[in-house]
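We use all heavy atoms of the structure for the numbers below, so side chains are in, but hydrogens, waters and symmetry mates are not. To find a chain, count down the sequence lines: A is the first, B the second, and so on, and within it residues start at 1.
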There are 2 protein chains.
Amino acid sequence: MLTISQLATYAGVTVRAVRHYHKIGLLPEPGRDHSGYRAYDAGAVVRLIQIHTLAGAGVPLARVQELLDAAPEEFSDGVEKIDKELRAEIRRLQDTRKRLARLAAGEHLALPASVVDYLDRLRELGMDERYIVLERDAWIMIAAQVPHLVDDVIVQKHQALEHPDTVKLYRLVNETLDAAADDPRIIEMVDLIESMMIAAVQAGAAGSYGLDDDLVRLMDTAMLEAAPEAQRIITLLEQRGWKGWTRIERIPTDRL
Amino acid sequence: MLTISQLATYAGVTVRAVRHYHKIGLLPEPGRDHSGYRAYDAGAVVRLIQIHTLAGAGVPLARVQELLDAAPEEFSDGVEKIDKELRAEIRRLQDTRKRLARLAAGEHLALPASVVDYLDRLRELGMDERYIVLERDAWIMIAAQVPHLVDDVIVQKHQALEHPDTVKLYRLVNETLDAAADDPRIIEMVDLIESMMIAAVQAGAAGSYGLDDDLVRLMDTAMLEAAPEAQRIITLLEQRGWKGWTRIERIPTDRL
DNA sequence: CTTGACCTTGACGCTGGGTCAACCCCGCAA
DNA sequence: TTGCGGGGTTGACCCAGCGTCAAGGTCAAG
């Protein structure tokens with residue numbers, strides 16, 4: 001008769017593992033001696049070695065039982081099933097590695113390369129890093145919500161930057177980041193935005209980019225949270241009959 | 001302001017995951033509204049998306065925090081470390097697959113091919129499956145305890161089978177598996193064993209195979225548990241001055 | 001007022017045991 | 001007889017990353 005540690009030693013496992021196998025019913029509980037110690041027979045050694053061998057070969061403990069009691073055909077069926085799972089797990093990890101590599105290559109989190117390029121262009125334009133972060137966060141949300149639209153929108157953004165008015169607008173934004181609330185450049189900026197919007201409406205470009213209402217609202221909120229002083233601009237635009245920021249629209253006039 | 005499920009939806013994670021991130025301190029707990037609901041701002045969406053992106057790329061949650069707060073150089077260092085772990089895990093799984101394949105190829109559990117071959121040879125000799133199981137279990141224990149000795153011992157076993165006495169012995173074992181306790185073939189078998197042992201002693205072959213005493217005792221116990229009727233043979237051998245089974249030796253005569 | 005959808009905290013489950021903690025038991029030596 | 005060291009026993013918490021109840025409070029709508 002063997003004690004638990006003798007058994008464990010013979011089979012090359014830890015005492016704790018043996019007790020674990022008892023708890024999950026993989027190894028039957030043996031009888032106890034007069035002082036309550038488990039008393040094992042040599043058959044338990046064989047069983048335990050088999051368990052350990054299967055477990056070490058990647059068989060989940062839950063399956064070890066069926067496999068041990070299985071006939072040869074079922075056995076190889078079971079083994080094949082487990083091998084399939086192992087292959088799937090390996091593929092999953094390889095996928096993960098790829099994503100990780102792309103993430104490291106993309107410099108910054110959760111953004112496709114096209115966006116990173118666009119942000120770089122804004123930096124070249126001389127935009128302040130605080131504004132870049134605002135843009136970046138907006139793009140993170142867009143990329144998470146509607147990844148298929150990202151590249152389209154980026155193309156439109158690049159096109160817009162071809163127009164001198166857009167560049168001028170960005171420059172004004174940059175200059176007024178720290179401006180006082182009554183800085184005249186703010187009025188100038190609102191004038192510019194309004195004229196651009198009127199032109200856009202006349203050209204039939206609604207500027208929606210195909211983004212969902214909820215997402216647009218979320219991005220406006222995010223912008224105001226990060227840069228509360230932008231509220232001035234929103235307010236001024238509203239006084240002139242425009243609403244929104246990410247997507248600027250005419251406030252509809254009620255004519256019931 | 002957003003509720004937890006709105007936040008979760010925007011970021012593409014589950015509500016449960018968000019709460020989990022709170023619990024482990026990955027996402028700061030926001031303020032509550034008048035009824036105790038968590039009220040999130042849009043910044044939380046960005047943070048959550050970043051977390052989800054990293055986590056989805058295989059970064060352990062415990063590391064996400066450092067990575068999010070890290071500068072670009074530390075960031076790529078951290079990513080590389082994680083990639084290394086991923087590669088290690090993949091290699092581990094591939095190892096596991098190999099072991100599993102070998103296990104399936106070996107037909108039976110925890111046994112090298114040489115042993116399987118030897119057991120097949122016993123089957124060809126006409127041995128009963130009950131005896132084969134006895135042998136197999138003994139080999140399982142040997143393979144677990146002293147794997148480096150297995151092939152040597154197998155070679156010796158094959159050599160022994162070249163001798164007609166060994167074959168005769170096996171045949172007798174097989175015939176007496178169900179024999180009555182007073183079957184004359186049992187005496188015949190003991191005679192044969194004794195003569196073989198005497199010859200072996202004279203030839204200087206102690207028959208130990210280099211196995212450890214403990215292991216030998218364990219295997220004897222295993223045999224007697226699985227086939228209690230073999231006790232007759234042990235007893236008869238003891239009366240003639242021999243002890244053991246796996247390794248049969250002279251009982252030393254006390255000459256104090 | 002009720003319903004159904006959403007929120008809250010708390011706790012268990014999964015995998016395979018590792019690692020205490022607190023206490024019993026055995027043989028050996030003083 | 002007592003103490004010591006090295007066994008054994010059960011119980012419970014710990015790791016990751018949430019899923020999945022459970023039991024109840026809240027909210028908007030019918």
What salt bridge (charged side-chain N to carboxylate O under 4.0 Å, His left out) pairs are there with at least one residue in residues 45-57 of chain B, not counting sequence neighbours?
B:Arg47-B:Asp69
Distance in angstrom units between B:Ile82 CD1 and D:dA16 C1', rounded
14 Å
Neighbours of DNA chain C within residues 17-31 of chain A, by heavy-atom distance under 4.0 Å
A:Ala17, A:His20, A:Tyr21
Could you pull out all residues at least two apart from A:Asp151 that satisfy side-chain hydrogen bond (donor to acceptor under 3.5 Å, both in side chains)?
A:Ser114
Under the side-chain hydrogen bond (donor to acceptor under 3.5 Å, both in side chains) rule, collect the residues that match up with A:His20, sequence neighbours excluded.
none
What are the atom names and distances for every N/O pair under 3.5 Å that joins the protein to nucleotides 19-23 of chain C?
unit_1 : atom_1 : unit_2  : atom_2 : d
C:dT19 : O4     : A:Arg16 : NE     : 2.9

Using the C1' atoms of five pairs at each end, what's the angle between the two axes of the helix from C:dC1-D:dG30 to C:dA30-D:dT1, to 10 degrees?
50°
Any B:Arg38 side-chain nitrogen or oxygen under 4.0 Å from OP1 or OP2 of C:dT8:
yes
According to side-chain hydrogen bond (donor to acceptor under 3.5 Å, both in side chains), does anything in residues 221-238 of chain A pair up with another residue at least two apart or in another chain? List the pairs.
A:Gln231-A:Thr235
Partner residues of A:Glu80 under the side chain to side chain contact (heavy atoms under 4.5 Å, CB included) criterion, sequence neighbours left out:
none
B:Arg63 near the nucleic acid: base, sugar-phosphate alone, or nothing, with a heavy-atom cut-off under 4.0 Å?
nothing
Short N/O separations, protein against nucleotides 27-30 of chain D, under 3.5 angstrom:
unit_1 : atom_1 : unit_2  : atom_2 : d
D:dC27 : OP1    : B:His34 : ND1    : 3.4
D:dC27 : OP1    : B:His34 : NE2    : 3.0
D:dC27 : OP1    : B:Ser35 : OG     : 3.4

Residues that A:Arg240 engages under side-chain hydrogen bond (donor to acceptor under 3.5 Å, both in side chains), provided they are two or more places apart
A:Asp191, A:Glu194
Using the side-chain heavy atoms of B:Leu61, tell me which of these nucleotides is nearest: D:dG17, C:dT8, C:dG16.
D:dG17
My understanding is that only residues two or more places apart in sequence, or in another chain, count here; which of them pass side-chain hydrogen bond (donor to acceptor under 3.5 Å, both in side chains) with B:Asp212?
none
Contacts satisfying side-chain hydrogen bond (donor to acceptor under 3.5 Å, both in side chains) that involve residues 7-17 of chain A (not counting sequence neighbours) are none
